[in-house]
Amino acid sequence: MTEHQTTPSAAALLVLEDGRVFRGRSYGAQGTALGEAVFATGMTGYQETITDPSYARQLVVQTAPHIGNTGVNREDAESRRIWVAGYIVRDAARRPSNWRSERSLDEELVEQGIVGLQGVDTRAITRHLRERGAMKAGIFSGADAQRPEAELLEQVKAQAPMEGSRLAEEVSIDAAYVIDPADHGWEDEPRFSIAALDLGIKSMTPQRFAERGVKVHVLPATATLQDIQALDPDGVFMSNGPGDPATADAQVGLLRDVLDARLPFFGICFGNQILGRALGFGTYKLRYGHRGINQPVMDRRTGKVEITSQNHGFAVDAPTDGATKAPEERFGRVEVSHVSLNDDVVEGLACLDIPAFSVQYHPEAAAGPHDSAYLFDRFIDLMEAERRKPGSTDAADVSKATIDAKEAK
């Protein structure tokens with residue numbers, strides 16, 4: 001929720017739900033921005049951060065002290081607009097310096113009406129949020145900053161909490177579109193096609209699939225099983241996105257239909273939480289979440305540690321001590337495949353009796369790191385394995401080709 005004007009830099013302040021106030025100067029547009037205050041620990045990739053739809057209705061505090069040094073450009077945006085409700089930095093660059101820069105970050109924030117705050121101790125804000133947890137907050141600048149603090153605090157408290165917020169439909173597309181492998185360096189015919197549900201998808205995700213020869217049909221968050229079946233896809237993908245997964249009943253129901261049909265499934269972030277719910281597990285809100293591009297995760301199947309890009313405030317509540325029967329018993333056994341090495345939060349699920357898996361982080365990682373890129377290949381392998389199973393058309397074609405080759409000899 002943002003109300004703004006575009007006037008020269010002036011006094012501004014951040015008011016937290018518990019009454020703590022941080023004073024600085026305005027950055028970007030001026031006015032009022034309300035949302036949940038969270039912090040992101042990435043030292044690079046600020047443009048990818050602010051254009052990530054998963055940050056909808058959040059006031060993002062950057063822990064890196066210098067922001068805006070390389071400006072912004074059209075290529076690095078992860079979606080059609082900036083989604084953060086407000087932006088908080090310590091030292092904003094006075095001017096960008098990079099050969100790819102097209103304008104300053106400050107100019108981009110003004111252009112899109114994003115209210116920001118600069119010149120505050122972001123380390124102190126981060127420590128406060130780590131101790132007290134993510135909370136409702138507001139940025140007030142210009143004339144709004146002159147109002148009594150008690151009045152501003154009441155406005156902060158009156159906003160809706162993140163728990164119970166249904167936001168995926170707000171950030172999703174209205175009409176389907178296709179990402180073709182030929183547009184991303186793939187020279188042969190597509191290997192597979194998938195239906196990707198846009199719950200807040202980042203543009204780099206379908207591109208990573210396309211680079212591997214996968215044609216991606218991106219569908220709105222309101223897509224139905226009939227919409228998916230009409231595409232006759234080899235697999236189904238559910239993206240990252242904002243809001244409380246407890247509100248995603250429609251997507252949970254859709255995924256159960258997908259799993260019943262034994263369509264290979266891969267989910268990331270919000271998609272991981274939806275898989276958890278579809279299997280019958282619960283979800284819960286983390287104290288302050290995982291946000292940044294330096295989050296350590298262990299792949300329990302290989303024992304390898306990945307440094308991952310993450311942005312989530314909710315997690316799946318599932319047992320981490322080996323394979324267990326899914327509460328929705330028809331889906332068979334499931335195991336926690338990945339865990340956070342910071343706090344043991346569930347970071348991935350792998351179904352053992354149906355073709356489905358998910359992770360809580362972002363393997364597309366446009367701003368880096370790229371440790372988790374193998375997950376796209378793992379999904380391709382899963383679709384290949386399903387295609388080759390006896391009874392499938394493709395498996396029959398492969399068998400016939402093998403027989404013909406033997407007879408030719």
Side-chain angles (χ1 to χ4, degrees), residues 1-4 10-42 49-50 54-65 67 83-91 114-167 242-247 283-292 310-315 342-343 345:
M1 176 177 169
T2 303
E3 303 169 7
H4 73 276
L13 67 160
L14 171 68
V15 178
L16 299 178
E17 183 181 6
D18 64 1
R20 185 77 184 269
V21 175
F22 295 86
R23 293 186 174 275
R25 304 187 313 280
S26 67
Y27 186 45
Q30 288 185 20
T32 293
L34 300 175
E36 181 184 53
V38 301
F39 60 87
T41 58
T49 294
I50 62 177
S54 295
Y55 279 115
R57 207 191 291 177
Q58 293 183 322
L59 309 181
V60 175
V61 180
Q62 290 281 182
T63 60
I67 297 295
W83 285 102
V84 298
Y87 200 46
I88 302 162
V89 304
R90 178 174 176 174
D91 294 324
I114 305 301
V115 175
L117 176 65
Q118 63 175 312
V120 290
D121 187 345
T122 51
R123 179 181 175 86
I125 298 172
T126 299
R127 288 173 64 90
H128 188 78
L129 295 177
R130 278 182 60 90
E131 292 170 1
R132 306 293 181 89
M135 64 182 74
K136 298 176 186 178
I139 302 172
F140 303 91
S141 60
D144 291 352
Q146 307 307 314
R147 293 160 52 200
E149 286 185 12
E151 184 179 313
L152 302 181
L153 180 59
E154 285 305 309
Q155 187 173 354
V156 166
K157 290 182 176 180
Q159 67 181 293
M162 188 58 68
E163 285 181 288
S165 292
R166 182 175 177 177
L167 302 178
D244 187 344
T247 66
T283 56
Y284 63 98
K285 194 173 192 301
L286 295 169
R287 186 171 179 79
Y288 47 81
H290 299 161
R291 299 176 179 89
Q310 299 198 16
N311 175 15
H312 64 107
F314 294 84
N342 283 335
D343 54 15
V345 164

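Remark: F39 CZ to R123 CZ distance equals 12.0 Å, nearest 0.5 Å. Atom CD of residue Q310 and atom CG of residue N342 lie 8.5 Å apart, to the nearest 0.5 angstrom. Taking NZ of K157 as the start and CD of E17 as the end, the distance is 7.5 Å to the nearest 0.5 Å. Remark: Y288 OH to E131 CD distance equals 10.0 Å, nearest 0.5 Å. Note that CD1 of I50 is 11.0 Å distant from OH of Y55, once rounded to the nearest 0.5 Å. A distance of 14.0 Å separates CD of Q62 from CD of Q118, quoted to the nearest 0.5 Å.
Considering only heavy atoms from C-beta on, H312 comes within 4.5 Å of L286 through its side chain. Side-chain contact between L129 and M135: present, with at least one pair of heavy atoms (C-beta onward) separated by less than 4.5 Å. By the 4.5 Å heavy-atom criterion applied to side chains, W83 and Q58 are not counted as neighbours. Contact annotation: the side chain of P161 approaches that of K136 to within less than 4.5 Å [non-hydrogen atoms, C-beta and beyond]. Between V120 and L14, the closest side-chain pair of non-hydrogen atoms is not below 4.5 Å. Two residues are said to be in side-chain contact when any heavy atoms from C-beta on lie closer than 4.5 Å; T122 and F22 fail this criterion.
Shown are L117, D144, L152; of these, the side chain to side chain contact (heavy atoms under 4.5 Å, CB included) with I139 is made only by L117. When the options V38, L59, I114 are evaluated for a side chain to side chain contact (heavy atoms under 4.5 Å, CB included) with V84, the one that passes is I114.
No donor-acceptor distance shorter than 3.5 angstrom exists from the side chain of S26 to the backbone of A11, with no hydrogens or angles considered. Judged by distance alone, the side chain of D244 and the main-chain N or O of E163 form no donor-acceptor pair under 3.5 Å.
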Item to complete: Quick one: do H290 and D343 satisfy side chain to side chain contact (heavy atoms under 4.5 Å, CB included)? Show the steps, please.
Response: CA-CA 10 Å; H290 299 161; D343 54 15; 2.7 Å; yes
task = Apply side chain to side chain donor-acceptor pair (under 3.5 Å) to the pair D18 and H128, showing each step before the final yes or no.
result = CA-CA 10 Å; D18 64 1; H128 188 78; 2.7 Å; yes
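Of all the heavy atoms in M162 and R57, the pair that sits closest is CE-O, 3.7 Å. Taking each heavy atom of G292 and T41 in turn, the nearest pair found is CA-OG1, 3.5 Å. Residues A33 and V115 come closest through the heavy atom pair CB-CB, 3.8 Å. The heavy-atom pair separating A145 from A12 by the smallest distance is CB-CA, 4.3 Å. Between V345 and A315 the shortest heavy-atom distance is CG1-CB, 3.7 Å. Taking all atoms of both residues into account, the shortest heavy-atom contact from V156 to G138 is CG2-N, 3.6 Å.
Annotation for R147: atom CZ counts as buried by contact number, over 12 foreign heavy atoms lying within 6.0 Å.
Classification of the Y27-Y87 ring pair by plane angle, with boundaries at 30° and 60°, yields parallel.
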